[in-house]
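Here the structure comes first, spelled out in structure tokens, and everything after it is commentary.
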Amino acid sequence: MKFRISRSALTDAVSQVSKAVSNKTTVPILTGIKATVDENGLWLTGSNSDLTIQVCIPTRQDDKELVKMETMGSVVLPGRIFSDIVRKLPGDEVEWVVDDRWKTVLRSEQAQFELKGLDPEEYPRLPQFQEDQMFSLPSDLLKSMIRQTGFAVSTSEARGVLTGVLWRMEEGRLTFVATDSHRLSRRQADVEAPEGLTVENMVVPGKSQSELGKILADRTGWVDVILSENQMMVRADNLLFFSRLLDGPYPDTNRVIPQGGKTEVRVSTKEILQSVDRAALISRDGRDNVIKWTVKKEGVVQVHSAAQDVGSVLEEVSAQVDGEEMSLSFNAQYMLDALRAVDSDEIQILLTGAMTPFLIQPADREDALHLIVPIRTR
Amino acid sequence: MGKIRLMDERLANQIAAGEVVERPASVVKELVENALDAGANQVNISIEEGGIRSIRVVDNGFGMDREDVQLAFERHATSKIVRERDLFSIRSLGFRGEALPSIASVSKMTLISSTGEGPATRLMLEGGQLISEEETARSRGTEVLVEDLFFNTPARLKYLKTVNTEVSHVADVVGRLALARPKISFSLAHNGRELFRTLGDGKLNHVVYALYGKQVARKSLPFSAEDPDFTLEGLAVRPEVTRSNRSYISVIINGRFVRSLPITQAVLRAYDTLLPIGRYPIAVLSIGMDPKLVDVNVHPSKLEVRLSKEKELFRLIEGELKGLFQKHVLIPDAAAPRRERPTVESRPVQQRLQWDAPPPAAKQSVTPPPAEVRETAAPFATEAKSPPSPSPRLEDEQSHPYQQEEASSLEQTPSKQEPQLSERPSDPTEAGERLPDLTPLSQIHGTYIIAQSEDGFYIMDQHAAHERIYYETFYRRMKEQDTRQQPLLIPMTVECTPAEAEVIGNWLPRLSQMGLELEPFGGATFLVRSHPGWFPAGSEEELIREVLDWIKKGENMDWARFRDDGAKMMACKAAIKANRHLRRDEMESLIRQLKACESPYTCPHGRPILIHFSTYEIEKMFKRVM
């Protein structure tokens with residue numbers, strides 16, 4: 001295995017696959033990055049217990065030659081040290097030579113590293129997919145769907161399927177649902193899918209999904225999502241992203257989402273967000289991070305919080321209120337998460353009672369909603 | 001003139017009693033030791049109101065004739081030492097000749113003794129003064145009744161604790177004597193209720209059963225060892241059973257219960273990481289040695305001893321116990337004690353084929369692809385590809401639930417061989433078979449791995465397991481790196497008192513040999529110039545201060561101990577945590593690595609790694625067997 005490669009392209013690719021390389025694992029070879037070079041370019045692979053990221057550096061891109069391959073081959077190099085080395089090499093180009101004992105020499109200008117490589121055959125193989133269960137959507141859309149739901153998953157492995165986000169596909173409409181049973185977020189969008197494709201219960205681990213969001217950050221264009229029994233793959237330009245799927249049926253969340261409410265509040269997203277953020281300065285010192293809203297007919301939402309040993313805060317935000325007056329308490333963090341996920345200038349809040357879940361929606365669209373379960377206070 | 005007089009004897013005895021007779025328990029101890037020295041094989045003790053109202057000790061020993069009985073109450077009268085040189089080869093428990101007159105001087109005592117020939121003698125004393133002496137009838141042996149202890153020394157009476165405390169002290173004393181003499185049958189009763197009774201059949205395990213209960217007795221592992229100077233015998237209870245203090249480590253030297261901190265330490269070092277922090281084991285060590293090697297005449301209570309050849313003894317104990325734990329599978333069982341079926345003598349044992357586990361690094365076999373594309377279970381895939389290992393071994397099949405002995409049946413079968421109560425038939429496993437063959441099934445709550453084997457299923461704590469693996473790796477690595485030194489750019493300053501500085505000053509050359517370079521910096525201050533390279537990053541200062549603390553306290557510096565602490569810290573940080581999903585290949589890899597560990601049963605802090613649920617227990621839970 002011998003080739004020369006552009007260092008900047010290599011640095012980019014290594015930092016992307018490094019996201020999947022874990023330092024703590026019980027399978028030592030998974031702390032490594034696998035590299036495979038052939039006439040199409042260099043493929044780098046990183047993998048951990050949840051996901052696998054594979055990035056390709058093509059031989060040519062935009063009329064620039066990135067990889068000059070002399071002989072094909074494959075090797076696994078220790079992940080952390082390899083990525084550090086690549087980042088710090090002096091030249092614009094790296095010469096990369098691996099002998100048959102996987103001893104690897106990396107040379108750039110006057111610097112030469114010799115690394116002990118590992119047998120690539122011991123590296124876990126990638127799952128195989130059939131392309132019949134596939135749909136496509138713009139990368140930007142996928143990113144915003146991820147951003148608007150991912151925060152609501154449970155972080156305790158003991159909650160099983162709730163540590164993931166449900167991806168449901170029906171009649172060309174993709175729905176993301178995430179909940180930790182205290183709050184729920186849902187986002188829907190129309191995507192490009194073959195006729196009749198229905199996906200009922202695909203649950204993507206929350207961690208995988210947030211990594212996916214990060215790795216797509218700078219990418220535009222379309223991505224393909226391909227499914228199998230217990231794995232999913234996202235394919236973009238020069239990128240393959242694999243994740244395991246969670247076992248078990250996702251609970252039916254449609255029933256817990258209220259249809260309408262007794263009180264409807266319209267308020268500026270920015271104003272209410274900032275006011276809750278301020279109130280949270282007091283509430284975060286309390287035990288449950290509780291904030292109280294009192295909705296008044298004359299068109300204000302009172303935001304109030306008090307912590308026994310700290311003090312209290314009271315603020316009024318003007319709003320358009322239809323229906324009964326009402327007051328309710330909730331966890332400030334849940335509200336902040338939800339409000340930050342809203343892109344619209346104005347939100348609509350639907351309240352039914354102090355003890356019943358309430359809805360937050362962008363005022364101008366129907367495809368996103370956030371639900372928060374109030375805190376019972378005495 | 002005339003100011004200094006010889007004390008009258010009663011007064012002298014009362015003063016001596018201050019040392020010997022502290023509380024009812026010390027009376028019991030002295031009387032029982034006399035009984036043992038008289039060759040009794042049965043000693044019955046009954047006390048009332050914690051021994052304050054009365055203590056009665058009845059034995060079947062040699063007894064005394066009339067003259068001896070009278071003489072026994074003279075101070076320094078003893079049958080146990082005749083010549084001066086006897087003092088240096090003491091085999092009897094008592095020898096100072098102080099006990100009986102001392103006790104008599106602070107109580108109302110009745111003594112009946114018979115040699116089995118002629119009439120027995122009954123003596124009654126009050127406060128050390130003879131009240132009456134008469135002939136009576138009694139079979140061979142001696143009976144001592146002590147009533148109203150401390151009736152004439154109110155100060156001491158006042159300092160007695162509650163009845164319960166005194167009873168527990170007495171039970172403690174008798175328990176120790178029973179452990180020291182398994183061949184003698186003891187019974188102890190309080191206010192007419194029997195507290196315990198040992199069989200006197202010579203089996204230490206049965207004594208443990210009587211004192212600590214069935215559970216402990218069943219989980220005890222017998223051991224014995226010998227070297228030119230010492231014989232060692234005893235029981236070590238599996239580390240899963242622990243106590244909150246070290247008083248359950250009983251040390252017996254030449255049949256005498258003693259307290260020896262260094263021996264206790266040797267035992268603790270052997271248990272090492274098998275015990276959780278702040279927990280102590282149950283163990284009984286009976287050490288035999290030439291009486292010349294031990295000096296018991298340190299204190300009247302004879303609890304403390306001084307030993308010659310201490311180091312050899314500690315090494316023998318530590319080595320023997322470590323070896324013992326290496327030989328046994330130390331996985332605790334989940335369920336409470338179960339009823340086993342009685343053992344059938346010399347049960348036929350089905351042999352079976354045994355093949356080696358696949359070598360962990362076999363190239364073609366362990367390519368663990370993500371769950372879905374893998375072929376069936378790994379071991380079989382391996383079998384298909386690589387030829388089976390050359391010669392399958394034949395192995396005795398373990399059938400453990402049934403080989404166990406019902407503890408309560410021990411009275412009927414006292415003739416059976418030693419490890420009757422031991423939990424699993426102590427299967428001294430061969431190296432490399434310290435864990436059963438475990439196949440991981442799944443993970444629960446991102447924290448525990450469920451694995452099965454032929455004899456049931458196991459729950460494994462993933463963090464504990466990984467921690468153990470790293471701990472052993474780091475420990476080995478540190479040993480290799482022993483010689484590296486890390487100089488400090490900005491030296492650390494350590495201040496201490498002048499006395500401590502003196503001690504540390506003497507240590508400087510030795511410390512620098514070990515890589516810790518200190519430099520006197522005037523007064524009682526030292527500069528740390530460099531430390532051993534293996535001190536884990538971020539914990540250097542902590543470790544250095546700990547090292548110096550040890551030296552200051554004047555304790556012997558145990559360098560390995562610090563390496564150990566360092567390895568523990570690093571292992572805990574490096575290991576995977578709870579609440580983390582594991583793929584199947586990760587679980588398999590974890591189990592494979594754990595199998596290669598020297599002590600795969602507890603994490604370095606002593607928490608268990610595996611809990612076993614036997615097939616039999618599962619069957620019982622589902623009432624498949626009743």
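First the proteins, then the strands, lettered A, B, ... as listed; each starts at 1.
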Is it the case that atom [atom1] in [X] sees more than 12 heavy atoms from other parts of the structure closer than 6.0 Å?
| X | atom1 | answer |
| --- | --- | --- |
| A:Asp247 | CG | no |
| A:Ile81 | CD1 | no |
| A:Lys103 | NZ | no |

Q. How about B:Gln593 and A:Thr26: does a side-chain donor come under 3.5 Å of a side-chain acceptor?
A.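 No - no donor-acceptor pair under 3.5 Å links their side chains.
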
Q | Check: A:Ser49 and B:Arg584 side chains under 4.5 Å, non-hydrogen atoms | A |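 When only atoms from C-beta onward are counted, A:Ser49 and B:Arg584 do not touch, as no gap falls below 4.5 Å.
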
Q. So which part of B:His581 gets closer than 4.5 Å to some heavy atom of chain A, the side chain, the backbone, both or neither?
A.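 Interface part for B:His581: both.
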
Q | B:Ala578, part contacting chain A, at a heavy-atom distance under 4.5 Å | A |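 For B:Ala578, there is no contact with chain A at all, as no heavy atom is under 4.5 Å.
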
Q: Quick one: pull up NZ in A:Lys24 and CZ in B:Arg580 and give me the separation to the nearest 0.5 Å.
A: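 Between A:Lys24 NZ and B:Arg580 CZ, I get 9.0 Å after rounding to 0.5 Å.
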
Q.
How long is the straight-line distance from CG of B:Leu590 back to OG1 of A:Thr25, given to the nearest 0.5 Å?
A. 9.5 Å

Q | Donor-acceptor contact present, side-chain A:Asp50 to main-chain B:Arg583, <3.5 Å | A | no

Q: Check each atom of A:Arg244 against the heavy atoms of chain B and say whether the ones under 4.5 Å are side chain, backbone, both or neither.
A: side chain

Q: Go through the atoms of A:Thr163 and report whether side chain, backbone, both or neither lie under 4.5 Å from a heavy atom of chain B.
A: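 Looking at A:Thr163, nothing touches chain B.
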
Q. Closest approach of B:His445 and A:Ala158, non-hydrogen atoms and distance?
A.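 Heavy atoms of B:His445 and A:Ala158 come nearest at CG-CB, 3.5 Å.
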
Q. For the residue pair B:Asn579 and A:Ser156, what are the closest heavy atoms and their distance?
A. OD1-C, 3.4 Å

**Q.** side-chain hydrogen bond (donor to acceptor under 3.5 Å, both in side chains) between B:Thr447 and A:Glu157, intermediate numbers included
**A.** CA-CA 8 Å; B:Thr447 304; A:Glu157 286 286 334; over 6 Å; no

